[in-house]
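Shown next, in structure tokens, is the structure this report addresses.
Since the model is a prediction, treat every value here as computed from it, not as a measurement.
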Amino acid sequence: MNNVHVKTGDTVILLTGKYDDKYTEKGDRKTGKVVEVSPKEKKVIVEGINMITKHVKPTRMGEKGGIVKTEAPVYASKVQLVCPKCGKPTRVGHVIEDGKKLRVCKKCGKSFE
């Protein structure tokens with residue numbers, strides 16, 4: 001099964017990993033919005049996190065090439081969802097209400113949707 005615990009548009013916090021050529025320090029964690037989710041690879045792209053520089057060639061006449069900064073994918077296990085209600089990093093629980101499966105915060109119990 002290729003399920004990922006985050007969806008596009010969720011706010012997440014980076015738990016481990018490298019960004020800005022430094023390793024994260026405790027209490028100095030970065031947050032960002034999920035731009036893209038790839039469940040098959042179990043990776044997510046978060047804006048402002050895991051920035052890389054790409055060398056781009058001009059493809060058409062008159063188009064400019066150069067060095068472009070862009071986000072690279074991060075494993076989904078390295079990010080944790082931030083609850084929009086309480087603002088804390090949390091795990092995701094599931095509750096069925098009115099025949100719909102809802103994601104809920106494990107800390108405050110409020111629904112994400």
Side-chain angles (χ1 to χ4, degrees):
M1 207 149 68
N2 292 328
N3 288 346
V4 182
H5 67 284
V6 291
K7 292 181 179 179
T8 304
D10 285 343
T11 304
V12 293
I13 192 165
L14 187 68
L15 296 176
T16 60
K18 197 173 92 165
Y19 61 85
D20 296 338
D21 298 327
K22 293 182 239 163
Y23 282 93
T24 58
E25 293 178 21
K26 203 168 185 177
D28 185 34
R29 295 183 179 161
K30 279 210 170 180
T31 59
K33 207 168 217 149
V34 177
V35 178
E36 192 179 320
V37 179
S38 176
K40 197 172 184 180
E41 297 173 337
K42 292 189 169 86
K43 290 185 177 186
V44 293
I45 296 177
V46 184
E47 65 181 32
I49 293 179
N50 200 19
M51 298 298 284
I52 58 166
T53 53
K54 260 183 163 177
H55 295 265
V56 179
K57 276 191 171 183
T59 52
R60 289 187 213 105
M61 203 65 168
E63 197 175 289
K64 278 197 167 187
I67 300 171
V68 178
K69 275 192 161 278
T70 184
E71 292 101 357
V74 180
Y75 280 106
S77 61
K78 293 187 180 222
V79 296
Q80 192 170 24
L81 198 62
V82 175
C83 177
K85 306 289 192 280
C86 62
K88 295 178 183 174
T90 182
R91 289 174 292 129
V92 181
H94 296 280
V95 173
I96 297 172
E97 282 183 17
D98 302 327
K100 287 186 176 181
K101 189 176 180 181
L102 299 175
R103 299 184 304 160
V104 292
C105 173
K106 285 281 194 175
K107 290 196 176 174
C108 68
K110 298 280 180 5
S111 173
F112 286 111
E113 279 78 40

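Cluster annotation: V44 is connected to L14 through the hydrophobic network of ILVMFWY side chains, with a link wherever side-chain heavy atoms come within less than 4.5 Å. Note on V4: it clusters hydrophobically with V46, by side-chain heavy-atom contacts below 4.5 Å among ILVMFWY residues. Both V6 and V92 belong to a common hydrophobic cluster when Ile, Leu, Val, Met, Phe, Trp and Tyr are linked at side-chain heavy-atom distances under 4.5 angstrom.
The backbone N or O of V79 sits less than 3.5 Å from a side-chain atom of H5, completing a donor-acceptor pair. A donor-acceptor pair under 3.5 Å links the side-chain atoms of T90 to the main chain of K106, judged by distance alone. K107 places a side-chain N or O within donor-acceptor distance of the main-chain N or O of P89, the cut-off being under 3.5 Å. Proximity of a side-chain donor or acceptor of E71 to a complementary backbone N or O of G48 within less than 3.5 Å is detected. Judged by distance alone, with hydrogens and angles left aside, the side-chain atoms of N50 form a donor-acceptor pair with the main-chain N or O of P73 at under 3.5 Å.
Residue G65 comes nearest to P58 through the heavy atom pair CA-CD, 3.8 Å, listed as atom of the first residue, atom of the second, then distance.
A side-chain contact (heavy atoms from CB on, under 4.5 Å) with V34 is found for exactly one of I45, V74, I49, V12, namely V12.
Within the model, atoms NZ of K88 and SG of C108 stand 8.5 Å from one another, a figure rounded to the nearest 0.5 Å. Put simply, NZ on K7 and CG on L81 are 10.5 Å apart, with the number rounded to the nearest 0.5 Å. Atom-to-atom distance recorded for I13:CD1 and K30:NZ is 12.0 Å, nearest 0.5 angstrom. Atoms NZ and OG, from K43 and S77 in turn, are 10.5 Å apart once rounded to the nearest 0.5 Å.
In this structure, L102 shares a hydrophobic cluster with no other residue, the cluster being traced through Ile, Leu, Val, Met, Phe, Trp and Tyr side chains under 4.5 angstrom apart.
Side-chain atoms of R91 and Q80, non-hydrogen and from C-beta on, do get closer than 4.5 Å to each other.
For K33, the NZ atom counts as loosely surrounded, since its 6.0 Å shell holds 12 or fewer non-hydrogen atoms of other residues, nucleotides or ligands.
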Between H55 and V68, is a side-chain contact (heavy atoms from CB on, under 4.5 Å) present by the stated rule, with each step listed?
-> CA-CA 6 Å; H55 295 265; V68 178; over 6 Å; no
Under the side-chain contact (heavy atoms from CB on, under 4.5 Å) criterion, do K69 and K54 qualify, and how do the steps go?
-> CA-CA 6 Å; K69 275 192 161 278; K54 260 183 163 177; over 6 Å; no
